[in-house]
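All remarks here apply to the structure that follows.
All values reported here derive from a predicted model rather than from experimental measurement.
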Amino acid sequence: QVQLLESGGGLVQPGGSLTLSCAASGTIFSSHVMAWFRQAPGKEREFVASIRWGYGTTYYADSVKGRFTVSRNKAEKMVYLQMSSLIPEDAAVYYCARGNSLSTSPTPYQYWGQGTQVTVSS
């Protein structure tokens, strides 16, 4: 029903900034949660940030608080992840996902994009 497409990934130097976008098609209800996860090679998929579609309230992993900002444009069905002060540990494939409620586990999320690569290197 829902398709998600991430974009905006690329190569950035440590300390730099990058903004990721997630374009959604299909239905997103106000009760839904849109989330960003990331996964580095050999590691489990990790929660990054989420936003309640209707209320706009946000939630962040401790590792990115103060550095990342998640936002959305409901009319355009777009979700954004603004990243700053990037460190090598941020390097991963970043995924956009839709869930029915907030969870930091990837398991409950029913729809996923294919991911966009973020590389942090000097």
**OP:** Output all residues satisfying side chain to side chain donor-acceptor pair (under 3.5 Å) with R45, sequence neighbours left out; order by chain, then residue number.
**Re:** Q39

Original post:
Is Y60 reachable from W53 through a run of I, L, V, M, F, W or Y residues, each pair having side-chain heavy atoms under 4.5 Å apart?
Top reply: yes

Original post:
What pairs of residues pass the side chain to side chain donor-acceptor pair (under 3.5 Å) test when at least one of them lies in residues 61-78, not counting sequence neighbours?
Top reply: D62-K65, R67-D90

Can I get a per-line list of side-chain donor-acceptor pairs under 3.5 Å for residues 110-122, giving both atom names and the distance, sequence neighbours left out?
from, atom 1, to, atom 2, distance (Å)
Q110, OE1, N100, ND2, 3.3
W112, NE1, Y109, O, 3.1
T116, OG1, G9, N, 3.1

**OP:** Compare every heavy atom of S85 with every heavy atom of S17, then report the nearest pair and how far apart it is.
**Re:** OG-N, 4.5 Å

**OP:** Any pair with a residue in residues 94-105 that passes salt bridge (charged side-chain N to carboxylate O under 4.0 Å, His left out), sequence neighbours left out, goes on the list, sorted by first then second residue, please.
**Re:** none

Original post:
Heavy-atom distance under 4.5 Å between the side chains of L20 and W36, does that happen here?
Top reply: yes

**OP:** If you link ILVMFWY side chains whenever their heavy atoms are less than 4.5 Å apart, which other residues fall into the same cluster as L11? By chain and number, please.
**Re:** none

Subject >> Pairs flagged by disulfide (SG to SG under 2.5 Å) wherever residues 38-70 is involved - sequence neighbours left out >> reply: none

**OP:** Indicate yes or no: at least one non-hydrogen side-chain atom of I51 is less than 4.5 angstrom from one of T57.
**Re:** no

Subject >> Under the salt bridge (Lys or Arg N to Asp or Glu O under 4.0 Å) test, residues paired with E46 that sit two or more places apart >> reply: R38

Original post:
So if you build clusters from Ile, Leu, Val, Met, Phe, Trp, Tyr with side-chain heavy-atom gaps below 4.5 Å, do L102 and F37 land together?
Top reply: yes

Subject >> Taking every non-hydrogen atom, the tightest pair across V33 and S50 >> reply: CG1-CB, 3.8 Å

Subject >> Any donor-acceptor N/O pair, Y59 side chain to R52 backbone, under 3.5 Å >> reply: no

Original post:
What is the distance from atom CD of E6 to atom CG of L81, rounded to the nearest 0.5 Å?
Top reply: 11.0 Å

Original post:
Would F47 and V70 show up in the same hydrophobic cluster when neighbours are defined by side-chain heavy atoms closer than 4.5 Å?
Top reply: no

Original post:
Between V12 and M83, is a side chain to side chain contact (heavy atoms under 4.5 Å, CB included) present by the stated rule, with each step listed?
Top reply: CA-CA 11 Å; V12 62; M83 306 182 294; over 6 Å; no

**OP:** With sequence neighbours excluded, give me every disulfide (SG to SG under 2.5 Å) pair touching residues 18-109.
**Re:** C22-C96

Original post:
Mind checking what makes ring pair (Phe, Tyr, Trp, His ring centres under 6.0 Å) contact with F29, not counting sequence neighbours?
Top reply: H32

Subject >> Pairs where residues 81-108 contributes a residue and the test ring pair (Phe, Tyr, Trp, His ring centres under 6.0 Å) is met, not counting sequence neighbours >> reply: none

Original post:
Can you list the residues that meet the side chain to side chain contact (heavy atoms under 4.5 Å, CB included) rule with A23, with sequence neighbours excluded?
Top reply: M78

**OP:** Kindly state each residue pair satisfying salt bridge (charged side-chain N to carboxylate O under 4.0 Å, His left out) with at least one member in residues 21-31, sequence neighbours excluded.
**Re:** none

